[in-house]
Asker: 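Shown below is the structure under consideration.
All values below come from the heavy atoms of this structure, side chains included, with hydrogens, waters and symmetry mates left out. Each ligand, and each atom within it, is numbered from 1 in the order the structure gives.
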Amino acid sequence: MSRLTGVAPSILSADFARLASQVEEVMAAGARLIHCDVMDGHFVPPITFGPMVVGALREALPPEAVLDVHLMIERPERHVADFARAGADNITIHVEATPHVHHAVNAVREAGATAGIALNPGTAVEALGIADADLVLCMTVNPGWGGQPFIAGSEERIRRLIERAAPGTPVEVDGGIDARTAGSCAAAGATTFVAGSAIFGAADPAEAYRAIAEAAGCGQPYPPEGQPAPN
Ligand code: DX5
Ligand code: ZN
């Protein structure tokens with residue numbers, strides 16, 4: 001288990017007017033990894049937020065919060081230092097967003113964060129050309145919006161990505177994750193489960209978090225209550 005495993009509530013579906021308190025609610029239920037979806041209006045049509053919101057969350061949240069920043073932006077290598085400076089712990093870039101994936105991964109690490117590589121559902125798994133990412137993100141919907149249905153058959157892509165990634169690399173799934181799909185993705189080998197609408201769209205986000213964590217087989221928080229995440 002590492003700080004990049006577990007259920008990662010996605011703030012995309014949270015109430016932005018009370019972002020910190022919504023995150024604190026799921027952290028009280030055991031969440032440590034907080035997924036932040038950055039969209040630029042180019043790589044995907046919507047625009048969300050940039051480093052300022054990541055920095056505001058960093059300041060508002062306790063140190064055990066691990067900020068997992070998912071960049072759905074073109075040429076992410078031009079922005080990774082700003083997100084790292086703002087307090088991102090992990091920064092994931094898309095292989096489709098730059099011809100310079102290897103350089104972008106290096107830029108993330110030089111900026112002091114761990115580096116994830118994301119693949120869209122239509123991208124061949126062979127596009128995961130370098131095996132030394134700190135995390136591989138298997139999109140289980142097309143990026144851009146919360147609340148879409150899980151793409152059937154994604155479990156097979158998870159298995160194939162695990163074969164390509166370096167042994168032990170956390171594999172994150174993102175899109176349409178709820179208690180049912182978290183279970184089938186966990187069975188395929190996924191270690192990290194992003195859930196937006198299934199958590200923040202629920203009447204009780206803390207209870208929804210616990211149900212997904214239970215289904216994914218990662219009910220225990222990491223690191224243990226009250227302890228900071230190791231670097
Ligand atoms: C979609 C984002 C997701 C989104 C998932 O492009 O990358 O992180 O928040 O939302 P749900 O869990 O509602 O599918
Ligand atoms: Zn995401």
Asker: T98 and side chain to side chain donor-acceptor pair (under 3.5 Å): which partner among E77, H103, R78?
Answerer: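 Among E77, H103, R78, the one meeting side chain to side chain donor-acceptor pair (under 3.5 Å) with T98 is E77.
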Asker: For the pair D89 and R58, find out whether any cationic side-chain nitrogen is under 4.0 Å from an anionic carboxylate oxygen.
Answerer: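 Judged by the 4.0 Å cut-off on N to carboxylate O distance, D89 and R58 do form a salt bridge.
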Asker: Before moving on, can you tell me the angle at the Zn ion (ligand 2) between the OD1 atom of D37 and the OD2 atom of D174, to the nearest 10 degrees?
Answerer: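 An angle of 170° at the metal.
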Asker: Using modelled atom types only, decide if a donor and an acceptor are shared between the side chain of T192 and the backbone of L4 within a distance under 3.5 Å.
Answerer: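 Yes.
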Asker: Check the angle between the aromatic planes of H35 and H70 and answer parallel, tilted or perpendicular using the 30° and 60° thresholds.
Answerer: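 It falls in the tilted class, 30° to 60°.
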Asker: Taking the Zn ion (ligand 2) as the reference point, name the nearest N/O/S atom of H70.
Answerer: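 Result: ND1.
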Asker: Return the minimal non-hydrogen interatomic distance between A208 and A198, and the atom names on each side.
Answerer: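 Nearest pair, atom of A208 first, then A198: CB-O, 3.3 Å.
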Asker: Just wondering, do I158 and V173 contact through their side chains at under 4.5 Å, heavy atoms?
Answerer: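 Yes, close enough: below the 4.5 Å cut-off.
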Asker: List, pair by pair, the atoms of ligand 1 and of the protein that are both N or O and lie under 3.5 Å apart, giving the separation rounded to 0.1 Å.
Answerer:
residue, atom, partner, partner atom, Å
ligand 1, 6 (O), G144, N, 2.7
ligand 1, 7 (O), D37, OD1, 3.0
ligand 1, 7 (O), H70, ND1, 3.3
ligand 1, 7 (O), D174, OD2, 2.9
ligand 1, 8 (O), H35, NE2, 3.4
ligand 1, 8 (O), D37, OD1, 3.1
ligand 1, 8 (O), D37, OD2, 2.7
ligand 1, 8 (O), D174, OD1, 2.7
ligand 1, 8 (O), D174, OD2, 3.0
ligand 1, 9 (O), S10, OG, 2.8
ligand 1, 9 (O), D37, OD2, 3.0
ligand 1, 12 (O), G196, N, 2.8
ligand 1, 13 (O), G147, N, 2.8
ligand 1, 13 (O), S197, N, 3.0
ligand 1, 13 (O), S197, OG, 2.6
ligand 1, 14 (O), G176, N, 2.8

Asker: Can R210 and D204 be counted as an ion pair, charged N to O under 4.0 angstrom?
Answerer: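 Between D204 and R210 there is no salt bridge, as every charged N stays at least 4.0 Å from the carboxylate O atoms.
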